Amino acid sequence: QVQLVESGGGSVQAGGSLRLSCAASGYAGSTYCMAWFRQALGKERDGVAVISSGSGSTGYADSVKGRFTISQDNAKRTLYLQMHALKPDDTAMYYCAAASEPGCYASTPLRGRYNYWGQGTQVTVSS
């Protein structure tokens with residue numbers, strides 16, 4: 001069983017930056033992929049960024065490429081999402097997710113491949 005706890009959300013003005021963190025605990029085995037998803041009010045939960053736990057390969061949704069960076073600190077069991085040049089369209093609840101099965105990696109994370117989820121942290125960007 002994996003527990004994921006996000007933090008770091010908040011309210012910022014357009015053009016600002018935030019860093020989200022996701023602390024993982026409770027698992028005995030490995031996770032193959034870690035990812036960030038987001039869900040705006042009334043919309044689907046979409047993949048934002050992914051990192052392969054083995055190779056370190058990363059992938060991003062087109063809408064965030066060049067602005068967001070995903071990284072992980074294996075020693076701290078923490079996943080990060082550094083967000084720069086934030087836009088009002090980035091406003092959403094951001095969720096951390098982990099995949100415990102291989103074959104999870106895709107250049108944009110796919111929701112169905114992740115079986116552990118955090119509770120989310122809200123990001124609000126004002127214009």
Side-chain angles (χ1 to χ4, degrees):
Q1 191 74 10
V2 178
Q3 290 83 45
L4 303 171
V5 179
E6 303 94 335
S7 62
S11 297
V12 296
Q13 291 190 327
S17 299
L18 282 174
R19 188 177 81 156
L20 306 183
S21 299
C22 171
S25 64
Y27 60 89
S30 298
T31 55
Y32 289 86
C33 299
M34 298 287 292
W36 289 97
F37 290 76
R38 68 185 182 185
Q39 187 168 16
L41 196 64
K43 295 189 177 181
E44 296 290 319
R45 188 174 299 187
D46 294 326
V48 174
V50 56
I51 186 165
S52 169
S53 300
S55 67
S57 298
T58 58
Y60 299 90
D62 287 342
S63 59
V64 306
K65 281 180 182 176
R67 301 189 297 122
F68 290 11
T69 303
I70 189 171
S71 62
Q72 62 184 13
D73 184 328
N74 290 328
K76 295 182 179 179
R77 296 183 176 181
T78 302
L79 180 73
Y80 301 100
L81 184 68
Q82 180 68 56
M83 306 185 292
H84 294 298
L86 283 161
K87 305 174 182 179
D89 284 350
D90 296 317
T91 295
M93 185 72 79
Y94 283 71
Y95 297 91
C96 171
S100 61
E101 297 292 333
C104 50
Y105 185 81
S107 57
T108 302
L110 302 175
R111 184 176 177 179
R113 298 185 183 181
Y114 293 81
N115 50 338
Y116 295 105
W117 294 85
Q119 293 300 306
T121 186
Q122 178 68 37
V123 172
T124 302
V125 184
S126 58
S127 57

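Not measured: the values here are computed from a predicted model.
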*Heavy-atom closest contact (Ala99 atom, Cys104 atom, distance)*: CB-CB, 3.6 Å

*Using side-chain hydrogen bond (donor to acceptor under 3.5 Å, both in side chains) as the criterion, list what pairs up with Asn115, not counting sequence neighbours.*
Ser100

_ILVMFWY cluster membership beyond Val5 - transitive side-chain contacts under 4.5 angstrom_ = none

*Quick check: does any side chain N or O of Glu6 sit under 3.5 Å from a backbone N or O of Gln119, one acting as donor and the other as acceptor?*
yes

_Qualifying ring-ring contact (aromatic ring centres under 6.0 Å, His included) pairs with a residue from residues 104-126, counting only residues at least two apart or across chains_ = Phe37-Tyr114, Phe37-Trp117

*Could you give the distance from SG (Cys22) to CD (Gln3), rounded to the nearest 0.5 Å?*
11.0 Å

*In chain order, what residues pass the salt bridge (charged side-chain N to carboxylate O under 4.0 Å, His left out) check against Arg111, with sequence neighbours excluded?*
none

*To the nearest 0.5 Å, what is the distance between SG (Cys33) and CZ (Arg113)?*
8.5 Å

*Heavy-atom closest contact (Gly47 atom, Ala61 atom, distance)*: O-CB, 3.5 Å

*Rounded distance [0.5 Å steps], OG in Ser53 versus CE in Met34*: 6.5 Å

Atom pairs and distances, side-chain donor-acceptor, residues 70-79, under 3.5 Å, sequence neighbours left out:
| from | atom 1 | to | atom 2 | distance (Å) |
| --- | --- | --- | --- | --- |
| Gln72 | NE2 | Asn74 | OD1 | 3.4 |
| Asp73 | OD1 | Ala75 | N | 3.1 |
| Asp73 | OD1 | Lys76 | N | 3.1 |
| Thr78 | OG1 | Lys76 | O | 3.0 |

*Which pairs with one or both residues in residues 42-60 pass salt bridge (charged side-chain N to carboxylate O under 4.0 Å, His left out), sequence neighbours excluded?*
none

*Which ILVMFWY residues can you reach from Leu41 by hopping between side chains whose heavy atoms are under 4.5 Å apart?*
none

Contacts under 3.5 angstrom, residues 120-127 side chains, donor-acceptor by atom type, not counting sequence neighbours:
| from | atom 1 | to | atom 2 | distance (Å) |
| --- | --- | --- | --- | --- |
| Thr121 | OG1 | Gly9 | N | 3.1 |
| Gln122 | NE2 | Ala92 | O | 3.4 |
| Gln122 | NE2 | Thr124 | OG1 | 3.4 |
| Ser126 | OG | Val12 | O | 3.4 |

_Whichever hydrophobic residues join Tyr32 through chains of side-chain contacts under 4.5 Å_ = none

_Side-chain touch Arg38/Val64, heavy atoms, less than 4.5 angstrom_ = yes

*Find the distance between OG1 (Thr69) and CE (Met83) and round it off to the nearest 0.5 Å.*
11.0 Å

*Of all heavy-atom pairs between Leu4 and Cys96, which one has the smallest distance, and what is that distance?*
CD1-O, 3.7 Å

*Can you run down the salt bridge (charged side-chain N to carboxylate O under 4.0 Å, His left out) pairs that involve residues 49-68, sequence neighbours left out, and say none if there aren't any?*
Asp62-Lys65, Arg67-Asp90

*With sequence neighbours left out, write down each residue that passes side-chain contact (heavy atoms from CB on, under 4.5 Å) with Ser55, or none if nothing qualifies.*
Ser52, Ser57

*Can you pull the ring-ring contact (aromatic ring centres under 6.0 Å, His included) pairs that have at least one residue in residues 53-100, sequence neighbours excluded?*
none

